[in-house]
Structures are given as structure tokens and as C-alpha cells.
Amino acid sequence: MQLHTISAAYFSATGTTMRIVRTIAQDLAHALSLPLQEFDFTLPSARQVPLSFSPHDLVLLGTPVYAGRVPNLLLPYVVSARGKGALAVPIVVYGNRAFDDALMELRNTLEDGGFHTIAAAAFVGEHSFGHDLAAGRPDARDLALARNFAQGIATKLIASGFEAPPVPISVPGNNPVGPYFRPTGANGAMIDIRKVKPVTSEDCADCKWCAEHCPMGAISYERVSDIPGICIKCNACVKSCPKGAKFFTDPAYLYHRDDITARYQSPRKEPVCFL
Ligand SMILES: Cc1cc2nc3c(=O)[nH]c(=O)nc-3n(C[C@H](O)[C@H](O)[C@H](O)COP(=O)(O)O)c2cc1C
């Protein structure tokens, strides 16, 4: 089979998944002398039409890990992707706690959608909830591993004559996948932060950045302090507000953020690549 295009497809609310997927895709395209196309499906407007490929495509598809799985509100869009025999590399990016069953879920979803998975990886990115857990990642070491992974994929493809492998790439995780990770509060009981939303301070300059970049389209454009839609706690608005005017005040959410930061700060988790 002849490959025509390398595709980098990703959801990336705070940019870490994008950096990893792009780095791997750029090096792979270079190594194979193939054109690279990007599908950034972070914003709702980019998810109007399902992704669709052909047997001449190699697709690197990346999502962050939310609660140990592919973000649940994003899953229907990933499920809708049509591989039509394309080769694929599922990539998950997580915030130094764990990726649990996310890579298994992404691999299975791609296989079910008509992709042939030939490699897979889990990388680490700064945790969405703050700047302290997995701070600054992916860093130079992560990106060097991403480039190494690209070389490994290129070598494997050339050795196999670009043919689809007989079986899906083997990845860790429960199959079928297990339940979503549920955070616990100070008393050890489960806490539910699904309805929690950020607040907006008087420092807000009404620049509309948050409304225009919310991956769920949840923030009112007319009145950006209103969030009528579903907040997934991706922190795109919190981390990128030019005035620092959006933040969380919910005690359960803040407890969970500080708890995982303390618990999972170390050891540093390293990327794992499967070829
Ligand atoms: C709601 C939510 C749940 C998350 N769950 C996990 C998790 O289970 N394990 C983990 O290590 N990181 C978790 N993270 C952190 C993200 O996976 C990580 O920060 C990732 O790099 C974010 O990707 P992005 O920058 O492309 O948005 C979670 C983040 C959010 C917003």
C-alpha cells in the first residue's frame, strides 16, 4: 500500500496534546517525505463534520486523558471518525497521574472506526488543573522521545511495506475498559465536580477570548461571565485569559486539584511508546 499523507488530528484544550502530536507527525512526514495535514478538532466548529480518511492515509490521533479515559464528551466525535482502512497511531497525553484505560479506549475506538493501529503512545503534559503538576511538560526530554517514536514508526512502516498489520497494536489497560476515575474528598468519599464552572472577576476586559476558545462552546459571547453550557474543566479559559480573570472557587474542585498535585507530583512519569 502506498501512503500519500500523514495527518495530525487532535483535541487539545491547553496545547500539550497538540505539541506532542505535531512533533511526532512533523518528523514522520519528514522521514517519509510525505505531506502533512492537520485536523485540530478542539473547537466545536471543527467538529461539525466527521473525520474521514482513506487507505493512503496515516493518522496520528491524539486526545488528553480525562478521568483515566478519552474525554467522554469528545468520544462521540472520535467514534464518528471513518478510517476506511487508514493506518493510525492513537496517542494520549496525561497529567502525571495515570492514563488508566484511555489508550485502550482510543485504540479500540479507532479499530472499530475502520483504522488499522500500527503504533501507540502515552505522553505526559502539564496537568490542566494548574501549573504545578507535570509543570512545563512536554519538555525537551519528552519531545526528543516523541521524535524517536516518529523514527520508530517510520522504520516499522518501511519494514512492513506500508501494509496494515494483521492485529491491532498491543497497549496496556482493561479491555473492555473500566469505569472513569472518580476523585475523592478529604473524608475519602467520592466527590462530583461535573457541574463545577469557573467564575469571572472584575479584571475581565470582555475581550471574548474565553468565549471564542471554549472547546465546549459553553461560555456566553454576549456576557462572558455566564456559562450556560457544560464545563469540562479543561482550563483553556483559566490558563489563557489575558487578565487572569477566570478561575475556580469551588472547594471540592480546589481540594481535588491540590490533592492530585501533592500525590502525583513525583515520581516523574515517562512517555511510553508501543511499536
Ligand atoms: C477533567 C480532566 C480530567 C483529567 N484526568 C486526568 C487523569 O485521569 N490522569 C492524568 O494523569 N491527567 C488527567 N488530566 C490532565 C490532562 O490529561 C493533561 O493535563 C493533558 O496534558 C491536557 O491536554 P491538553 O493540554 O492537550 O488539553 C485531566 C484533565 C482534565 C481537564
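Ligands are counted one by one from 1 in listed order, and the atoms in each one are counted from 1 as well.
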Student: Does only the side chain of Val124 get under 4.0 Å from ligand 1, or the backbone, or both, or neither? Count heavy atoms.
Tutor: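 It is neither; nothing of Val124 touches ligand 1.
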Student: Please identify which of these residues, Cys204, Ser240, Cys237, meets the side-chain contact (heavy atoms from CB on, under 4.5 Å) condition with Lys246.
Tutor: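 Testing each of Cys204, Ser240, Cys237 against Lys246, the sole residue satisfying side-chain contact (heavy atoms from CB on, under 4.5 Å) is Cys237.
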Student: Evaluate Val65 for polar contact with ligand 1, using N/O atom pairs at a separation under 3.5 Å.
Tutor: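 Yes, since at least one N or O of Val65 sits under 3.5 Å from an N or O of ligand 1.
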Student: Can a salt bridge be assigned to the pair Asp101 and Arg69 using a cut-off of 4.0 Å between side-chain N and carboxylate O?
Tutor: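 Salt bridge: no.
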Student: Does Cys234 approach ligand 1 within less than 4.0 angstrom via side chain, backbone, both or neither, non-hydrogen atoms only?
Tutor: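 Under 4.0 Å from ligand 1, Cys234 contributes backbone atoms alone.
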Student: Test your reading of the structure: does Met18 have an N or O sitting under 3.5 Å from an N or O of ligand 1?
Tutor: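 Checking ligand 1 against Met18, no N or O pair falls under 3.5 Å apart.
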Student: Checking Tyr10 now: which residues fulfil side-chain hydrogen bond (donor to acceptor under 3.5 Å, both in side chains) with it, not counting sequence neighbours?
Tutor: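 So Tyr10 forms a side-chain hydrogen bond (donor to acceptor under 3.5 Å, both in side chains) with Glu38.
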Student: Given that the side chain starts at C-beta and the backbone is N, CA, C, O, which of these parts of Asp100 lies under 4.0 Å from ligand 1, counting heavy atoms, or is it both or neither?
Tutor: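 Near ligand 1, Asp100 shows nothing, with every heavy atom at 4.0 Å or more.
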Student: Between Pro71, Gly95, Ser128, Ala98, which one has a non-hydrogen atom sitting closest to atom 9 (N) of ligand 1?
Tutor: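 Looking at heavy atoms only, the winner is Ala98.
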Student: Hey, are Thr16 and Glu126 close enough side-chain-wise for a donor-acceptor pair under 3.5 Å?
Tutor: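 There is no such pair between these side chains.
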Student: With rounding to the nearest 0.5 Å, note down the distance linking CD1 in Ile153 to CZ in Phe274.
Tutor: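 Interatomic distance, Ile153 CD1 to Phe274 CZ, rounded to 0.5 Å: 12.5 Å.
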Student: Tell me: protein heavy atom nearest atom 24 (P) of ligand 1, and distance?
Tutor: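 Closest protein heavy atom to atom 24 (P) of ligand 1: Thr16 OG1, 3.2 Å.
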Student: Which one holds for Ala13 and ligand 1: side chain close, backbone close, both close, or neither close, with close meaning a heavy atom under 4.0 Å?
Tutor: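 The answer is both.
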